[in-house]
Peer 1: 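Got a structure here, written out as structure tokens. Questions coming.
Letters A, B, ... are given to chains in the order of the sequence lines, protein chains preceding strands, and every chain is numbered from 1.
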Number of protein chains: 2
Amino acid sequence: MARPQRRTVRDIRRGNRAVLLRALYFSGPTSRNDLTARTGLSAATVSTMTADLLGENIVVEAGQVESDGGRPRVLLRVNPEYGFAVGVDVAETHVRVGLFDLEMTERAKVDYMLRPARHDPELIARHILAGVDVVLSDAGVSPEQVLGIGVGVPGIVEPGADGVIHAKTFGWDGVPLGALLRRGTSLPLYVDNGAKTMGQAELWFGSGRGASEAVIVLLGVGVGATIVADGTTFRGVSSSAGEWGHTKIVANGRPCRCGGRGCLEAYVGIEAILDRAGVASRGDWEEDLAGVLASKSPVVEETVTYLGVGLANLVNLINPEKIVIGGWVGVQLGESLLPDIRRATAANSLAEPYAATSIVLGRLGPDAVALGAATLVLEEFLNAPQVARITAAG
Amino acid sequence: MARPQRRTVRDIRRGNRAVLLRALYFSGPTSRNDLTARTGLSAATVSTMTADLLGENIVVEAGQVESDGGRPRVLLRVNPEYGFAVGVDVAETHVRVGLFDLEMTERAKVDYMLRPARHDPELIARHILAGVDVVLSDAGVSPEQVLGIGVGVPGIVEPGADGVIHAKTFGWDGVPLGALLRRGTSLPLYVDNGAKTMGQAELWFGSGRGASEAVIVLLGVGVGATIVADGTTFRGVSSSAGEWGHTKIVANGRPCRCGGRGCLEAYVGIEAILDRAGVASRGDWEEDLAGVLASKSPVVEETVTYLGVGLANLVNLINPEKIVIGGWVGVQLGESLLPDIRRATAANSLAEPYAATSIVLGRLGPDAVALGAATLVLEEFLNAPQVARITAAG
DNA sequence: GTGCTTGTTTTCGCCTCTGAACTAAGATGA
DNA sequence: TCATCTTAGTTCAGAGGCGAAAACAAGCAC
């Protein structure tokens with residue numbers, strides 16, 4: 001019952017332009033000749049379209065490749081400085097603002113520490129807006145060059161222009177962060193859940209690269225997942241799809257901070273692991289977890305088993321070609337225990353879907369949330385590169 | 001990272017033709033004038049395109065509506081007899097073959113009983129092929145008029161032309177049912193999991209109508225689900241997505257016939273319910289279940305709770321706008337216990353996604369599997385109505 | 001019959017793609 | 001050195017598509 005939209009001749013141009021630009025972006029420096037092969041477009045179309053893009057400075061030349069006996073190929077690439085994207089990571093303990101060029105190279109960043117339990121929305125909005133100013137001036141980039149601001153936040157983000165957020169751990173229930181930011185900037189805004197922006201980053205630039213059906217799981221303080229269907233993040237009807245951490249793996253099991261019982265997060269979230277291991281944290285969770293892992297406590301094996309159950313449920317239900325385990329807890333667990341995790345997953349999955357899935361570790365570090373947020377801007381740019389840029393007013 | 005394909009001018013025509021045909025199909029008799037509004041196409045395009053479709057006999061006139069003071073509107077509709085679709089339901093106890101016209105009115109059907117544990121693939125293929133002949137001659141339809149054959153089967157169906165099936169309960173491991181059928185017919189074949197074809201039927205013609213993000217769950221002997229994303233069935237990388245029945249809701253719980261432990265099916269599948277209630281079945285499961293429901297056994301409440309956990313996991317992970325509970329067990333449970341099922345689901349879901357979901361009962365009876373299988377043919381027809389029909393050879 | 005209203009068709013201009021002819025730019029070898 | 005070959009990229013004419021607007025069709029009201 002998919003509802004395709006009507007199309008007109010111009011949509012073709014827009015669509016093909018996006019196809020071309022994506023090919024150019026993901027293949028690095030490429031000749032027009034290669035592009036005809038990659039996109040399926042005719043040489044004529046590639047020629048006129050690249051001429052347009054060169055004229056708009058979206059694409060630039062990048063040297064030549066001499067060929068054996070013919071005219072050399074001129075290499076083209078997306079101009080990394082055509083525009084910039086801001087990526088913001090709003091986390092428990094800090095707000096991080098990064099400025100990225102179109103190649104997603106970080107040009108500047110700034111952190112604002114948050115006092116625990118000081119998650120006043122106004123304060124965070126001010127940090128973000130101040131951060132944007134700082135990274136722009138640090139990098140010598142003017143607001144007109146910025147294509148947009150992506151923000152990754154905890155909790156559920158309602159679809160819609162106001163970016164309304166429900167984040168229990170922040171005490172946020174219906175905070176319109178997008179609207180708050182809109183007061184201070186007229187740049188395009190993209191607000192999304194942080195697990196999803198991290199997933200976006202791993203999908204585009206990390207271990208998920210090239211996968212079309214994938215799940216990127218985030219194990220940290222919270223537990224979440226990004227479900228990728230047909231190459232794009234699956235959001236569900238109200239944009240909260242992927243709340244894997246609160247799926248139940250033990251009916252009526254351990255209490256979870258969400259108020260429910262038996263949630264996956266209540267077994268494999270960092271607090272749950274430390275709690276079950278009887279570790280009274282002294283503040284450095286990474287060290288604590290390392291201690292638990294080194295201790296050979298039975299809690300480690302249990303955790304792997306529970307994680308395997310959670311992953312197996314994804315395998316059975318989603319049938320992805322790849323599962324990427326990210327988040328610092330995930331990576332720390334995976335570094336030593338990946339084979340065990342795979343085994344535990346296999347033990348709880350159906351054979352056919354398990355055989356179709358590869359389980360790998362995430363490649364990107366803790367900056368992935370901000371990078372992924374910036375990628376939201378990039379995605380928009382690649383899909384609709386012709387949209388007139390909104391000029392910043394403030 | 002969605003990979004749009006390049007498009008050419010002709011793709012537009014094909015796409016818009018599909019848009020128009022769908023509008024016509026789902027709006028019933030409609031005037032050209034209405035169609036311009038519904039599709040967004042210009043009156044000119046609608047006019048030329050409907051002329052084509054009328055010429056091809058895909059669309060026919062269906063009377064007029066006099067208007068107040070202007071030229072009357074001529075109503076158009078899809079010609080229900082332009083073509084026919086065969087839908088096949090391969091179940092534990094029988095093979096059912098139905099012939100449907102384009103409006104999905106059943107024109108003829110035939111059943112072949114299967115002896116328990118007599119699931120020889122060759123036999124079943126013979127039944128299907130014989131059934132096709134029977135329904136065609138019963139309805140006086142020639143093979144040239146048939147647009148295709150859809151088959152709903154248990155288990156996992158590999159993507160690909162051979163329709164390779166893995167169905168543990170049938171003892172099938174790699175049975176190429178599609179290839180077996182191909183020997184006896186040259187009509188287009190569509191083989192899919194039966195839970196998915198039932199889901200397709202509920203989505204198009206039952207309680208799921210109009211939903212774009214939905215899950216249709218099937219509770220019967222087996223337990224499965226159809227996940228609908230953006231209006232189409234989500235299949236995952238190897239077409240096995242939706243194996244909800246074998247997701248774990250109790251880590252290390254009750255053993256399941258799949259060999260695993262703690263599967264949802266081991267709690268809410270019919271065999272599990274009867275087993276937990278201590279009922280030694282005398283063969284009529286529907287009656288047995290009715291007995292359990294009437295007995296007010298605590299098993300009923302437990303079952304509701306487990307089902308609620310399973311549904312809540314879907315709510316959290318998939319965030320659908322609608323969950324349709326189908327399958328005979330599901331409907332029998334739901335008829336008296338739907339409010340309790342909703343409550344149990346709410347208790348195990350996050351508030352936001354739960355609030356966005358409505359949980360309803362399936363509307364279609366046991367014929368939904370065959371109907372949905374035929375709908376696979378219809379879907380293809382509506383999406384690509386210009387494809388030349390393959391002439392039947394045998 | 002004359003105007004009015006609304007539905008449908010036709011005409012015409014513009015846009016997009018493609019195949020084919022054409023131009024560009026270097027390598028090769030006599 | 002220069003004609004020839006090879007491969008890359010551009011230009012042009014033609015076909016097919018859509019939409020706006022004009023034209024045509026078919027009733028109603030008076």
Peer 1: Where along nucleotides 13-24 of chain D does protein come under 4.0 Å, by heavy atom, of base (B) or sugar-phosphate alone (S), with - for untouched nucleotides?
Peer 2: ---BBSBB----
Peer 1: Side chains of B:Glu379 and B:Gln200: do they bring a donor and an acceptor to under 3.5 Å?
Peer 2: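 B:Glu379 vs B:Gln200: donor-acceptor pair found between side chains.
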Peer 1: Walk me through it: do A:Ser238 and B:Asn319 pass the test side-chain hydrogen bond (donor to acceptor under 3.5 Å, both in side chains)?
Peer 2: CA-CA 7 Å; A:Ser238 58; B:Asn319 182 213; 3.1 Å; yes
Peer 1: Closest-nucleotide mapping onto DNA chain C: is A:Gly70 or B:Val46 further toward the 5' terminus? I mean the 5' end.
Peer 2: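 Comparing both residues, the 5'-ward one is B:Val46.
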Peer 1: Given atom CG of B:Asn33 and atom C1' of C:dT5, what is their separation to the nearest angstrom?
Peer 2: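 Spelled out: CG on B:Asn33 to C1' on C:dT5 is 12 Å.
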Peer 1: Without decimals, in angstroms, what is the distance between B:Arg38 CZ and C:dG7 C1'?
Peer 2: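 Atom-to-atom, B:Arg38 to C:dG7, this comes out as 16 Å.
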Peer 1: Quick check on DNA chain D: between A:Asp34 and B:Gln64, whose nearest nucleotide comes earlier from the 5' end?
Peer 2: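 Its nearest nucleotide lies further toward 5', so the answer is A:Asp34.
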Peer 1: How long is the line joining CG of A:Asp52 and C1' of D:dT10, in whole Å?
Peer 2: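 It works out to 13 Å between those atoms.
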Peer 1: Any side-chain donor paired with an acceptor under 3.5 Å for A:Ser27 and A:Thr30?
Peer 2: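 On atom types as modelled, these side chains do not qualify, holding no pair under 3.5 Å.
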Peer 1: What's the CG-C1' distance between A:Leu76 and D:dT10, to the nearest Å?
Peer 2: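 Taking CG of A:Leu76 and C1' of D:dT10, I get 14 Å after rounding.
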Peer 1: Less than 4.0 angstrom between a side-chain N/O of A:Arg73 and OP1 or OP2 of D:dA8, yes or no?
Peer 2: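 So the side chain of A:Arg73 is within the cut-off, an N or O lying under 4.0 Å from OP1 or OP2 of D:dA8.
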Peer 1: Which whole-number value in Å describes the distance from A:Leu20 CG to C:dC17 C1'?
Peer 2: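 Spelled out: CG on A:Leu20 to C1' on C:dC17 is 14 Å.
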Peer 1: To the nearest Å, how far apart are B:Arg14 CZ and C:dC17 P?
Peer 2: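 Rounded to whole Å, this separation is 16 Å.
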Peer 1: Answer yes when A:Arg7 and B:Asp11 have at least one side-chain N-carboxylate O distance shorter than 4.0 Å, and no when they do not.
Peer 2: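 Judged by the 4.0 Å cut-off on N to carboxylate O distance, A:Arg7 and B:Asp11 do not form a salt bridge.
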Peer 1: Is it true that B:Glu144 and B:Ser142 share a donor-acceptor pair across their side chains at a distance under 3.5 Å?
Peer 2: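 The criterion, which ignores hydrogens and geometry beyond distance, is satisfied for B:Glu144 and B:Ser142.
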Peer 1: State whether A:Arg235 and B:Asp230 are salt-bridged, where the test is any N-O pair (Lys NZ or Arg NE/NH1/NH2 against Asp/Glu carboxylate O) under 4.0 Å.
Peer 2: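 Answer for the salt bridge query: no.
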Peer 1: Whole angstrom is fine here: how far is it from CZ in B:Arg32 over to C1' in C:dT6?
Peer 2: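 After rounding, the gap between these two atoms is 14 Å.
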